[in-house]
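When a residue number appears, it is its place in the shown sequence, counting from 1.
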Amino acid sequence: MKRLFPDYTYGSGPREGCWWDETIAAPDWPDLQGDLSVDVAIVGAGFTGLSAALHLANAGVSVAVLEAETPGWGASGRNGGFCCLGGSKLSHKAMARIYGAPAAERYDAAEAEAVHLVAELLDAHGINAETHSKGETQLAHTARAMEKLRRNADASGVLHEAQDLPGLGIGGAFHGGYTNPVGFGLNPRKYLFGLAKAAAKSGAKLFQKTGVHALQKSARGFDLRTAAGRVRAENVLICTNGYSSEDIPNWMAGRYMPTQSTVLVTRPMSEGELQAQGWTTDQMSYDTRNLLHYFRLMPDRRFLFGMRGGLRSSARAEAAIRQKVQSDFRKMFPEWAHVDVTHMWSGMVCLSRDLTPFAGAVPGQSGLFAGFAYHGNGVAMGTYCGRALSRLVLGQDAGLPEVIGQIPGRFPLGFWRRALLPPAYAMMSLADL
C-alpha cells in the first residue's frame, strides 16, 4: 500500500485512548486464510463497506468484507458520533452556482435521506446506539458569524439569538445559533457493530487483519491479494475513505485528501457542574469556525469535544494537537477547566478536491466501484453511499444526486498534495477571527 501519511498515522498511537473502545467489545472476525471466491469483495469495514455488505447480502449476493485492521479501528469506530446533514463542504449557494439549483436541491434531499436511512437501520435491526439530540445546532463564535446565520436561516429550522441560548441549556460565549431539526447523536462503535452483526446474519463474510496489498483485473473480475490469501470477485468496492491507498486501485491516486480530527471525552459530570457552565442540553452542536469545534453532552453526562486542525502525524505532533484541543475546550467552557479529560484520540477524515462526496463506478474498469470523501460527516453519508454502491452492483438505480456521482478531480502536487494544507488552514484560521 502507498499511503500519504507516515506509518505512525496507521498505527495504534493516534487512536490510543478512544472512549468508544470501552463501551462495547469488538467482534472477533477471522483472518482470511487461503483462497475465496465471491460475487463482491469490499475493501474496508467502515460505515460505507458494512452498509454495502448488508444491502448486498440481503439481496442474496455473496460478499466478503476485508478489513486491514480490527473491527472499528478506522474512522467509523473513532468519530464523534454525529449523524447529521453534511458530506459536502460546499454551501448550498456555491453548489447551486456550480451545478445548478435543481442539482443542489437534490443533493440536500440526499443528505436528509442519509440521516433517515441510519435511523431506519437502527430500528430495523434493533441496534441500541444510545441515540439522542433533536437535530443539530450551529453556534456563532462571532457577531459577524451570527449575521451570516441570520441571512442564511432556513424556515425548516429555528434561529436563536444570544439571549435565547441559556433557556435552551446552551452555555458559553456564543452570539446565537441555528438549529436544523434533522440529525441525532449516537455511539458510532455500537452502530457500526450493529451493522456488522446484521450483515453477517444475512450471509456476508467479514474478515479482520486482511489488508489488500494488490488489486488486479482478471478475466472473470478481480484478484485481491492479501498477506495470507487471495479473493476472486466479479465486483470490488473500495470503501477506505481517509485510510485509502494511492495504488488500491491506482485510480485513487490524487483524488482524496486525508486530514486529521481530534476528540476528547471528559469524566461524567454532576448536575451542579453542568449548571455552573450552563450546558445542560443533549443537543449535538458545532461552531461556525472553518476549522470547527464540535461537541455534545452524552447520555452518561460525559462531554465530547472535537476539532479539526492537525497537520502532521507523529508522536510529538499527536501530543501537540491533544494539548491544543484541551486548551480550546477549557477556553470555550471555562467552568469545566477543572474537569478531568479521561480520553483523547485522533483519526483521519477525507476531503475531495471538489468538496463533495463520491460514490460510483471507477471509469474504465467494469465492476470496480468506490465511495469516499464525506468531509467529516461519514456516519450518515457513508451509510447512504454504501447503499448506493450496492444498488449499482445490482444494476439498480442508485438514486444518487448527480453531485455525488461526479468523478472527483485530482489534487495538485500528486503524492505531495499534503503541502496544500498548511496555507489553506492558515487562511481559514484568519477567516475565523
Nearest-0.5 Å distance, [atom1] of residue [X] to [atom2] of residue [Y]:
X: Leu186; Y: Leu192; atom1: CG; atom2: CG; result: 10.5 Å
X: Phe303; Y: Arg296; atom1: CZ; atom2: CZ; result: 10.0 Å
X: Met298; Y: Ser133; atom1: CE; atom2: OG; result: 13.0 Å

Quiz prompt | Phe82 ring center near Tyr294 ring center (under 6.0 Å) | solution = yes

Quiz item: Strictly under 6.0 Å, is that where the ring centroids of Phe329 and Phe295 end up?
Solution: no

Just by distance, no angles: are the side chains of [X] and [Y] close enough, under 3.5 Å, to form a donor-acceptor pair?
X: Ser346; Y: Glu318; value: yes
X: Asp340; Y: Thr342; value: no
X: Thr48; Y: Tyr374; value: yes

Restricting to side chain to side chain contact (heavy atoms under 4.5 Å, CB included), what partner residues turn up for [X], sequence neighbours left out?
X: Ser62; result: Val38, Asp39
X: Lys217; result: Phe222
X: Ala317; result: Arg312, Ser314
X: Asp354; result: Tyr99, Ser352, Thr356, Pro408

Taking [Y]'s backbone N and O only, do any of them form a donor-acceptor pair with [X]'s side chain (distance below 3.5 Å, no angle check)?
X: Tyr243; Y: Val349; result: no
X: Asp432; Y: Leu291; result: yes
X: His375; Y: Ala373; result: yes
X: Asn187; Y: Lys190; result: yes
X: Ser202; Y: Ala199; result: no
X: Trp345; Y: Gly13; result: no
X: Thr142; Y: Ala145; result: yes
X: Thr288; Y: His141; result: yes
X: Arg302; Y: Leu297; result: no

Quiz item: In this structure, which one of Val40, Leu389, Leu56 forms a side-chain contact (heavy atoms from CB on, under 4.5 Å) with Leu394?
Solution: Leu56

What residues form a side-chain hydrogen bond (donor to acceptor under 3.5 Å, both in side chains) with [X], not counting sequence neighbours?
X: Ser12; value: none
X: Ser285; value: none
X: Arg301; value: Asp282
X: Asp287; value: Arg289, His293

Check [X] against [Y] and note the closest heavy-atom contact, atom names and distance.
X: Asp28; Y: Gln208; value: OD1-NE2, 3.2 Å
X: Leu85; Y: Glu136; value: O-OE1, 4.4 Å
X: Leu149; Y: Gly177; value: CD1-CA, 3.8 Å

Quiz item: Does the ring of Trp336 carry Arg330 above it, NZ/CZ under 6.0 angstrom from centre and within 45° of its axis?
Solution: no

Exercise. Would you verify whether the NZ or CZ of Arg255 falls within 45 degrees of the ring axis of Phe411 while also being under 6.0 Å from that six-membered ring's centre?
Key: no

Practice problem: If a pair satisfies side chain to side chain donor-acceptor pair (under 3.5 Å) and one of its residues is in residues 388-414, list it, with sequence neighbours excluded. | Solution: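 Matches after skipping sequence neighbours: Arg106-Glu402.
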
Practice problem: Could you check if a side-chain atom of Phe184 sits within less than 4.5 angstrom of a side-chain atom of His132, using non-hydrogen atoms only? | Solution: no

Among residues at least two apart in sequence or on other chains, which ones pass ring pair (Phe, Tyr, Trp, His ring centres under 6.0 Å) with [X]?
X: Phe47; value: Tyr191
X: Phe358; value: Trp251, Phe372
X: His343; value: Trp19

Quiz item: Are Glu113 and Arg387 ion-paired here, with the side-chain N under 4.0 Å from a carboxylate O?
Solution: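 Counted as a salt bridge, because a side-chain N and a carboxylate O are separated by less than 4.0 Å.
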
Quiz item: Between Lys209 and Glu69, does at least one N-O distance fall below 4.0 Å, as a salt bridge requires?
Solution: yes

